[in-house]
2 protein chains.
Amino acid sequence: MSVGIRHDDLRRRNRAMVISAVRRAGQPSRTEIAATTGLSHSTISAISSDLIGEGILTESKASETVSLKRGRPQVGLSLNPEAAAVMTVVLSLNFLSVAVIDYAGQVIAEEQRRLDTLTMPRDELIGECLAIVRRRFEDPDLNVHSVARIAMGIQGITDSHSRAMLWSPITPQTDIAFADILEDEFGIPATMENDCNMMAVALRWRDPDRYRDDFIAILLSHGIGMGLVLKGELFTGTHSSGGELGHMIHRPGGALCRCGRRGCVEAYAGNYAIWRNAKQMGEDAEPVADVSDADMRALAALAREVDGPEREAYRKAGEALGFGLGNLFALIDPAPVAMVGVSAAAFDLIEPALREAIAQTAGGQHSKSISFDTEPNELPLIREGCAMRALTFVDQEIFAPGAQAKPGIVGKSVA
Amino acid sequence: MSVGIRHDDLRRRNRAMVISAVRRAGQPSRTEIAATTGLSHSTISAISSDLIGEGILTESKASETVSLKRGRPQVGLSLNPEAAAVMTVVLSLNFLSVAVIDYAGQVIAEEQRRLDTLTMPRDELIGECLAIVRRRFEDPDLNVHSVARIAMGIQGITDSHSRAMLWSPITPQTDIAFADILEDEFGIPATMENDCNMMAVALRWRDPDRYRDDFIAILLSHGIGMGLVLKGELFTGTHSSGGELGHMIHRPGGALCRCGRRGCVEAYAGNYAIWRNAKQMGEDAEPVADVSDADMRALAALAREVDGPEREAYRKAGEALGFGLGNLFALIDPAPVAMVGVSAAAFDLIEPALREAIAQTAGGQHSKSISFDTEPNELPLIREGCAMRALTFVDQEIFAPGAQAKPGIVGKSVA
DNA sequence: AGTATTTTTTCGGGGCTCGAAAAAATGGGG
DNA sequence: CCCCATTTTTTCGAGCCCCGAAAAAATACT
């Protein structure tokens with residue numbers, strides 16, 4: 001209950017809801033929209049008529065498949081792909097990619113590029129990001145004016161308002177306000193999103209049955225990241241993107257973590273930690289800079305074959321993840337988990353110790369019912385998440401604009 | 001964006017907001033309400049006229065103090081104490097209390113009672129709760145029909161819908177649907193709330209400057225509990241009340257906890273754990289049933305005097321709490337903390353080790369800026385929280401009723 | 001071709017909020 | 001003591017928005 005509902009907000013919200021219903025359902029008829037939104041047929045008729053007139057929706061002589069029903073056939077409504085476009089920029093270790101996506105969600109252009117993020121100076125890193133975006137704008141096939149939003153995703157910690165990267169493992173640079181930089185350069189609203197949060201957003205669109213209101217996406221890669229959806233909303237910290245599962249302390253004073261602290265979950269379960277344990281280098285050994293995906297796959301294969309230090313390394317990773325998850329479950333209760341990233345492909349080596357550890361925690365009372373799913377490739381998820389994030393912004397802020405909900409003075413009611 | 005906004009909802013929401021503004025401000029004029037809610041003067045005039053007509057608000061020839069301004073004097077609006085009443089029931093270890101509170105928030109009747117919760121059979125425990133409530137209803141001074149809501153608070157885990165106690169340290173009984181039991185018996189809507197959540201609600205009303213959108217209330221008592229407010233809303237788990245800071249694992253395989261597991265924060269920081277360490281009983285010693293508050297105060301006094309095992313026990317408690325809080329901060333970022341309960345009075349003994357531990361965690365980057373406040377007495381807070389909870393329900397559901405927001409089919413937008 | 005069925009649009013009614021103007025209530029000054 | 005300036009509150013007409021019912025449209029079935 002932040003602030004009074006003005007009369008104009010009403011139409012704005014209902015417009016946004018119709019758009020959202022279409023984006024979700026794909027090609028719903030007006031009647032279907034009325035059913036899912038709870039609004040009357042007349043209202044849906046009026047709003048969709050407006051939206052079609054504005055070029056946001058199109059009538060798509062739908063359901064050619066279904067002609068077996070009597071009565072006037074339904075007219076499917078769909079998003080007009082040309083209504084707008086958005087751009088996604090994903091920056092990860094030594095890798096930068098950009099994509100242009102139409103309003104209906106189809107990729108219409110993309111470019112990928114290798115670069116040495118770890119050693120690049122600040123200006124060069126920013127420059128590369130701007131350059132790759134600029135090249136898209138110079139593409140004669142692309143209608144520049146149609147790009148309505150840029151969503152950038154990065155491995156690392158961002159601020160809770162999606163404006164800046166605060167810290168990232170892919171570069172020694174800190175506090176780069178990418179969102180502002182992109183906005184200043186191109187004059188288009190932009191956001192800076194955390195990679196794991198975007199994974200969660202994408203999973204929700206991909207499989208809304210499994211990933212609905214409460215679930216967890218965990219990135220098992222060089223580091224350990226997490227995206228959390230609780231009560232249907234993306235969870236962020238009070239200042240940062242939050243959800244740093246990888247840096248919860250598993251063993252006080254324990255193994256040396258990449259972050260400089262000791263005993264973090266990541267110091268047992270990150271690729272570098274699994275590598276370090278498999279090579280029996282000791283817990284104080286400086287984390288290696290990067291272990292290739294191929295090396296990790298070879299390690300996993302070896303661990304499956306022989307019961308040696310490699311298998312033990314995965315066991316320790318599972319234990320650390322299990323206690324970390326168990327501590328998380330103590331706070332939020334158990335929820336479905338998606339394991340993403342190269343080590344998710346080795347989840348068979350991780351799972352036994354993980355479940356054993358969870359069973360020793362408060363969240364483990366129903367440990368057998370906690371379900372895990374795996375997805376080895378994180379980059380497509382991150383891009384999809386950024387795309388949906390940007391498109392949803394266009395849906396809500398551009399195509400359903402209105403008196404902005406000012407920060408409430410009354411404040412939400414907590415009692 | 002759960003479901004379409006019907007036209008009738010509009011007035012309902014704005015009514016609720018006016019009531020909320022009055023409850024918050026105490027005696028605001030119509031003009032003030034218009035300012036805080038952002039609604040127009042005409043709308044506020046119409047709504048408050050309705051509310052006065054219905055006996056919910058009263059005009060209170062306000063501000064007799066301020067007659068120095070020119071112009072028509074403001075008329076203060078205040079809650080009509082007789083508009084309704086609510087009842088709070090607080091069940092804690094060996095102690096049961098009930099209070100009747102008028103619509104303006106004043107206590108108009110109360111009763112307290114000692115009882116042996118640990119050994120009582122299920123029916124007797126329920127019976128005592130019903131009996132103490134029934135006696136309030138038989139009070140000839142009380143207008144029975146005015147009681148519109150009962151909020152019961154209990155030490156222990158409740159379900160996320162505030163219907164049942166799932167588990168509690170004060171009784172071996174589990175899964176008692178107190179909310180349903182009270183509703184069935186008295187025909188009045190009831191909820192079953194977690195004690196620490198109610199502490200958080202009360203703190204927010206007591207000191208909204210310090211405890212606004214993000215803060216943590218920690219109960220340091222026989223066990224360790226937590227109430228969490230994030231982004232202005234009470235945080236609960238997906239199934240239970242959640243927030244079990246006390247049962248996050250501090251040291252895998254460590255000290256024996258009351259819950260039967262090993263290494264929980266509580267197994268180092270609960271009263272019984274401090275006692276056990278102070279008496280050098282070993283970490284495997286069975287947790288004692290109850291340590292009196294007087295014993296704990298004596299222990300703290302001794303620890304302040306001599307650098308012996310007592311002081312070390314508090315140090316260990318601080319360390320466990322510090323790592324627990326640090327892990328929490330890794331997820332949500334730092335936030336102001338209120339320490340409540342008998343051991344909050346010994347926070348001077350706990351704080352150094354706590355800060356040292358936090359500094360070793362991801363959340364500890366700004367550990368010096370994390371502020372702690374202490375409040376030794378939890379029971380008044382729990383009762384106040386229950387009262388506000390119940391009153392807010394009356395504000396929103398009874399005095400601003402309307403088409404219930406059905407569970408949305410469309411679902412909230414996460415992207 | 002006519003009828004049944006289903007979807008979509010149209011139309012009138014009722015509510016709600018808003019802005020502007022009027023009314024109400026008080027202090028200050030001549 | 002009266003009148004004006006000032007501030008708060010109410011009144012009133014206009015403009016939107018949503019809803020329900022009925023009409024219109026579009027197709028399958030007979």
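In what follows, every chain begins at residue 1, and chains take the letters A, B, ... in the order their sequences are listed. Side chains are part of it too, since the values below use all heavy atoms of this structure and drop only hydrogens, waters and symmetry mates.
- Rounded to an integer number of Å, the gap from B/Gln74 CD to D/dT6 C1' is 13 Å.
- Proximity of A/Asn14 to the phosphate of D/dC18: a side-chain N or O atom is located under 4.0 Å from OP1 or OP2.
- Across the protein-nucleic acid pair, B/Ile33 atom CD1 and D/dT10 atom P stand 11 Å apart, rounded to whole Å.
- Rounded to a whole Å, the CD atom of B/Glu32 is 9 Å from the P atom of D/dT9.
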Q. What's the verdict on salt bridge (Lys or Arg N to Asp or Glu O under 4.0 Å) for B/Arg204 and B/Asp213, showing C-alpha distance, side-chain angles and the deciding distance?
A. CA-CA 9 Å; B/Arg204 195 162 196 258; B/Asp213 287 345; 3.6 Å; yes
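- Side chains of B/Arg163 and B/Glu183 form a contact here, defined as non-hydrogen atoms less than 4.5 Å apart.
- In terms of heavy atoms, A/Gln74 sits closest to A/Ser29 at OE1-OG, 3.1 Å.
- Between B/Arg212 and B/Val229, the shortest heavy-atom contact is O-CG1, 4.0 Å.
- Taking atom CE of residue A/Met17 and atom C1' of nucleotide D/dC17, one finds them 14 Å apart after rounding to whole Å.
- Atoms CG (A/Leu39) and C1' (D/dC16) sit 15 Å apart, rounded to a whole Å.
- For B/Leu10, counting side-chain heavy atoms from C-beta on, the closest listed nucleotide (D/dC19, D/dT9, C/dT17) is C/dT17.
- When each of D/dA25, D/dC17, D/dT7 is scored by its nearest atom to the side-chain atoms of A/Arg72, the top-ranked nucleotide is D/dA25.
- For the pair A/Arg70 CZ and C/dG2 P, the interatomic distance rounds to 17 Å; values are reported in whole Å.
- A heavy-atom distance below 4.0 Å to DNA chain D is reached by these residues of residues 41-56 of chain A, ordered by number: A/Ser42, A/Thr43.
- The nearest whole Å value for the distance from the CZ atom in A/Arg12 to the C1' atom in C/dT17 is 17 Å.
- Within the structure, every side-chain polar atom (N or O) of A/Thr31 is placed at least 4.0 Å from both OP1 and OP2 of C/dT6.
- Distance A/Arg13 CZ to D/dC18 C1': 15 Å, rounded to the nearest Å.
- Counting non-hydrogen atoms of other residues, nucleotides and ligands closer than 6.0 Å to CD of B/Glu54 gives a total above 12.
- Between the OG atom of B/Ser48 and the CD1 atom of B/Ile33 there is a distance of 6.0 Å, given to the nearest 0.5 Å.
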(Q) side-chain hydrogen bond (donor to acceptor under 3.5 Å, both in side chains), that's the test. Do B/Ser45 and B/Ser42 meet it? Break it down for me. (A) CA-CA 5 Å; B/Ser45 181; B/Ser42 4; over 6 Å; no
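- Phosphate proximity of D/dC18 to A/Arg11: present, with a side-chain N or O under 4.0 Å from OP1 or OP2.
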